[in-house]
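One structure is given here, and the rest of the page talks about it.
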Amino acid sequence: MKILVAYYSRSNITQGLAEEIASKVGADIEQIIPKVNYNGKLGYARGGKDGMSEKIIDLETLKYDPADYDLVYLGVPVWAGKAANPMISYIKQNEGSFNDVKFFVTAKSSGFESAFSQMEKYIGKAPLKTLALKSRDAANGNYEEELNAFLE
């Protein structure tokens, strides 16, 4: 089975989780890099505003085509109760290219279900599984049991 892990991470928390998943399942890994600057306090505010409006943004050139993979893991933080818009932009840019998918989401405290629903809406199919982790647990590595169940 050919597997891709595609993720967006502003603060490296989702990135660490994506790298661990890719390592455990032997997947290629694609970092989604927006052309919009979301760094610093101004970037944080811009991200919240763009997230709420589900703004589609331009992304840097991607290495992998999700259509070439049997399974794509999609990882993203929650912004303003929604999936961070670089991920939504990635999904829109690759519309109709996803076979099976699994979603993993990190958030400070809430917004998991709305992010999952939003991603499912844009992809047009339900994920095989989802993983919701609070940012502090993801940053501290307190998720082994949940991750193993997600990867099964």
Side-chain angles (χ1 to χ4, degrees), residues 1-40 43-44 47 50-51 57-79 81-152:
M1 178 184 291
K2 199 167 177 192
I3 303 171
L4 175 66
V5 175
Y7 73 92
Y8 171 74
S9 186
R10 180 183 173 291
S11 64
N12 299 329
I13 292 171
T14 306
Q15 179 177 353
L17 184 57
E19 289 170 350
E20 184 170 355
I21 291 169
S23 174
K24 286 186 177 226
V25 301
D28 291 330
I29 190 163
E30 177 89 75
Q31 180 181 11
I32 299 164
I33 302 171
K35 290 187 177 180
V36 175
N37 182 356
Y38 290 115
N39 296 324
Y44 178 82
D50 288 355
I57 60 166
D58 290 331
L59 304 173
E60 296 294 338
T61 303
L62 301 166
K63 287 193 295 191
Y64 302 106
D65 181 350
D68 294 337
Y69 294 86
D70 302 304
L71 174 61
V72 179
Y73 287 84
L74 297 171
V76 65
V78 172
W79 285 359
K82 298 190 178 204
N85 64 312
M87 175 57 72
I88 299 306
S89 299
Y90 173 81
I91 292 169
K92 286 294 288 176
Q93 183 173 322
N94 291 288
E95 197 165 11
S97 297
F98 297 96
N99 293 307
D100 286 331
V101 292
K102 290 185 178 183
F103 302 153
F104 60 100
V105 172
T106 60
K108 195 167 243 175
S109 62
S110 64
F112 300 109
E113 290 307 318
S114 59
F116 292 145
S117 295
Q118 180 189 21
M119 292 166 69
E120 182 177 332
K121 174 184 83 171
Y122 279 98
I123 287 183
K125 66 171 74 174
L128 298 176
K129 289 188 177 184
T130 61
L131 175 63
L133 291 177
K134 290 190 176 179
S135 299
R136 72 174 176 274
D137 292 334
N140 295 327
N142 297 333
Y143 54 77
E144 189 170 339
E145 188 176 313
E146 295 96 329
L147 181 60
N148 288 337
F150 177 64
L151 297 178
E152 290 177 345

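The shown structure was predicted, so the numbers you read here are calculated from the model rather than taken from an experiment.
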Return the set of residues passing side chain to side chain contact (heavy atoms under 4.5 Å, CB included) with [X] (not counting sequence neighbours), or none when no residue passes.
{"X": "Asp58", "answer": "Lys35"}
{"X": "Ala84", "answer": "Tyr8, Val76, Pro77, Trp79, Pro86"}
{"X": "Ala27", "answer": "Ile3, Val5, Ala22, Val25"}

Report task. Measure up the Phe103 and Phe116 rings against each other and bin them: parallel (under 30°), tilted (30 to 60°), perpendicular (over 60°). Result -> parallel

**Report entry** Pairwise side-chain hydrogen bond (donor to acceptor under 3.5 Å, both in side chains) hits with a residue in residues 105-115, at least two apart
**Finding:** Thr14-Thr106

Query raised in the report: Does NZ belonging to Lys92 count more than 12 external heavy atoms closer than 6.0 Å?
Result: no

Report task. Using the side chain to side chain contact (heavy atoms under 4.5 Å, CB included) rule, pick out the option among Ile32, Leu74, Val72 that qualifies with Ile91. Result -> Leu74

Check whether [X] reaches the backbone of [Y] with its side chain - one donor and one acceptor, N or O, closer than 3.5 Å.
{"X": "Gln118", "Y": "Ala83", "answer": "yes"}
{"X": "Lys102", "Y": "Leu131", "answer": "no"}
{"X": "Glu30", "Y": "Lys63", "answer": "yes"}

Query raised in the report: By side-chain hydrogen bond (donor to acceptor under 3.5 Å, both in side chains), which residues pair with Ser89, not counting sequence neighbours?
Result: none

**Report entry** Qualifying residues under ring-ring contact (aromatic ring centres under 6.0 Å, His included), relative to Phe150, sequence neighbours excluded
**Finding:** Tyr73

